[in-house]
Amino acid sequence: MHIDLYSDVACPWCRIGKQNLSRALALWAEQHDEHVTVAYHAYQLDPHLPAEGRAFDEAMMRKMGGPESLRRVVEHVTKAGAEVGLTFRFDRVRNMPNTRLAHRFVALLPEDRKDAAVEALFKAYFEDGEDVTALTTVLAIAEALGVDAAGLEARLARGEGGDEVEADLKRARRIGVTGVPFFVFNNRYALSGAYPAEELLGLMGGVRV
């Protein structure tokens, strides 16, 4: 079975959805012999942000309509994350990032490093409050993953990874992705949202039949 996952580094529900998928895959492996592959695809919630991003509170209050609405959303997401074992520290988040660099970074990695890279980007942003628009952030993650950071820096400087990101964004528009996380199972069944692991597992079973 193959799963295509469209997500954005700045999307908290994408982090929760990925966590739920990881749990569903673990349950699947306990119950089935069939191997599952996952491909990560870029999506940008706000591709029009400046390259350096925008102040988080400013951007979110504009989107949510005020501080009280923002507070409720942050509390809801933080609680939902805690229920699946994730920590969200919105008090540390200072920047609403343009995630294009982060997506280019993931696109240039070997397939067997992409899952860990996406995980590390989520943690860097939502737990550590790091600026994922910064080259230093993605290179530090690359080093932690055992990737040649100097070589990666040179490739990013040449603009590599951009075509792959554009292809993902174009494909997302073509298949009607308007929100993330967005899952496509075996190029046949699509699901949008951070569904619980048990529901994802049930859908995987239905796809398999």
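FYI, the numbering just counts along the sequence from 1.
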**Report entry** For Gln31, all residues meeting side-chain contact (heavy atoms from CB on, under 4.5 Å), sequence neighbours excluded
**Finding:**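 Counting only residues at least two positions away or on another chain, Gln31 forms a side-chain contact (heavy atoms from CB on, under 4.5 Å) with Leu27, Leu201.
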
Query raised in the report: Which residue pairs pass the ring pair (Phe, Tyr, Trp, His ring centres under 6.0 Å) test when at least one of the two sits in residues 14-36, sequence neighbours left out?
Result: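 Output for this query lists Trp28-His32.
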
Query - Leu25 vs Met204, side chain to side chain contact (heavy atoms under 4.5 Å, CB included): CA-CA, chis, key distance, verdict - result: CA-CA 9 Å; Leu25 292 174; Met204 292 166 66; 3.8 Å; yes

Answer with yes or no whether the hydrophobic clustering places [X] together with [Y]; edges join I, L, V, M, F, W, Y residues whose side-chain heavy atoms lie under 4.5 Å apart.
| X | Y | value |
| --- | --- | --- |
| Val207 | Ile175 | no |
| Val118 | Leu86 | yes |
| Met96 | Val93 | yes |
| Leu156 | Val132 | yes |
| Tyr195 | Phe185 | yes |

For [X], enumerate each residue passing the ring pair (Phe, Tyr, Trp, His ring centres under 6.0 Å) test, keeping only those at least two apart in sequence or located in another chain.
| X | result |
| --- | --- |
| His76 | Trp13 |
| Phe88 | Phe90, Phe126 |
| Tyr43 | none |

Report task. Assess whether atom CG of Asp163 is packed by more than 12 heavy atoms of other residues, nucleotides or ligands within 6.0 Å. Result ->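 Result for CG/Asp163: open.
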
Requested in this report: For residues Asn95 and Glu52, determine if any side-chain heavy atom of one lies less than 4.5 Å from a side-chain heavy atom of the other.
Outcome: no

Query raised in the report: So do Asp4 and Asn187 actually touch side chain to side chain, heavy atoms under 4.5 Å?
Result: yes

Requested in this report: Sort out for me which residue in Phe183, Tyr6, Phe182 forms a ring pair (Phe, Tyr, Trp, His ring centres under 6.0 Å) with His41.
Outcome: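 Answer after filtering Phe183, Tyr6, Phe182: Tyr6.
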
Can you tell me how far the [atom1] atom of [X] sits from the [atom2] atom of [Y], to the nearest 0.5 Å?
| X | Y | atom1 | atom2 | value |
| --- | --- | --- | --- | --- |
| Leu49 | Thr133 | CG | OG1 | 10.0 Å |
| Asp131 | Thr136 | CG | OG1 | 7.5 Å |
| Leu21 | Cys14 | CG | SG | 12.0 Å |

Query raised in the report: Within the distance-only criterion (no hydrogens, no angle test), does the side chain of Arg92 pair as donor or acceptor with the backbone N or O of Glu127 below 3.5 angstrom?
Result: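 The answer is yes, because a donor-acceptor pair under 3.5 Å joins these two groups.
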
Query raised in the report: Under the 3.5 angstrom rule, does the side chain of Glu130 hit a backbone N or O of Thr137 as a donor-acceptor pair?
Result: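 No; zero donor-acceptor contacts below 3.5 Å.
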
Could you tell me which non-hydrogen atom of [X] sits nearest to which non-hydrogen atom of [Y], and how far apart they are?
| X | Y | answer |
| --- | --- | --- |
| Leu45 | Cys11 | CD1-CB, 3.6 Å |
| Ile141 | Ala124 | CD1-CB, 4.3 Å |
| Ala117 | Val106 | CB-CG2, 4.5 Å |
| Ala149 | Leu139 | O-CD2, 3.5 Å |
| Pro181 | Gly17 | CG-CA, 4.2 Å |
| Asn20 | Ala194 | ND2-O, 3.6 Å |

Query raised in the report: Can you list every pair that meets salt bridge (Lys or Arg N to Asp or Glu O under 4.0 Å) and has a residue in residues 145-161, with sequence neighbours left out?
Result: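 Matches after skipping sequence neighbours: Arg155-Glu160, Arg158-Glu160.
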
Requested in this report: Using the salt bridge (Lys or Arg N to Asp or Glu O under 4.0 Å) rule, collect all pairs that involve residues 99-108, keeping only residues at least two apart or in two chains.
Outcome: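 For residues 99-108: Arg100-Glu166.
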
Query raised in the report: Below 4.0 angstrom, N of the basic side chain to O of the carboxylate: do Arg71 and Glu75 qualify?
Result: yes

Query raised in the report: Is it true that Asp128 and Lys123 make a salt bridge, defined as a side-chain N closer than 4.0 Å to a carboxylate O?
Result: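 Yes, this pair counts.
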
Could you tabulate the donor-acceptor pairs under 3.5 Å formed by side-chain atoms of residues 53-66, not counting sequence neighbours?
from  : atom 1 : to    : atom 2 : distance (Å)
Glu58 : OE2    : Arg62 : NH2    : 2.9

Requested in this report: Taking atom types as modelled, find out whether Asn98 and Gln44 have a side-chain donor-acceptor pair closer than 3.5 angstrom.
Outcome: yes

Query raised in the report: Please walk me through it: do His103 and Asp168 pass side chain to side chain contact (heavy atoms under 4.5 Å, CB included)?
Result: CA-CA 10 Å; His103 287 309; Asp168 280 348; over 6 Å; no

Query - salt bridge (charged side-chain N to carboxylate O under 4.0 Å, His left out) against Asp8, all qualifying residues, sequence neighbours excluded - result: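 If we apply the salt bridge (charged side-chain N to carboxylate O under 4.0 Å, His left out) test to Asp8, skipping adjacent residues, there are no hits.
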
Report summary line: Hits for salt bridge (charged side-chain N to carboxylate O under 4.0 Å, His left out) against Arg23, two or more places apart or cross-chain, chain-then-number order -> none

Query - Hydrophobic cluster partners of Val165 (side-chain heavy atoms under 4.5 Å) - result: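 Leu169, listed by chain and number.
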
Could you go through residues 108-115 and list every donor-acceptor pair under 3.5 Å that involves a side-chain atom there, pairing it with any protein atom two or more places apart or in another chain?
from   : atom 1 : to     : atom 2 : distance (Å)
Glu111 : OE2    : Lys114 : NZ     : 2.9
Arg113 : NH1    : Leu145 : O      : 2.7
Asp115 : OD1    : Lys18  : NZ     : 3.1
Asp115 : OD1    : Tyr40  : OH     : 2.3

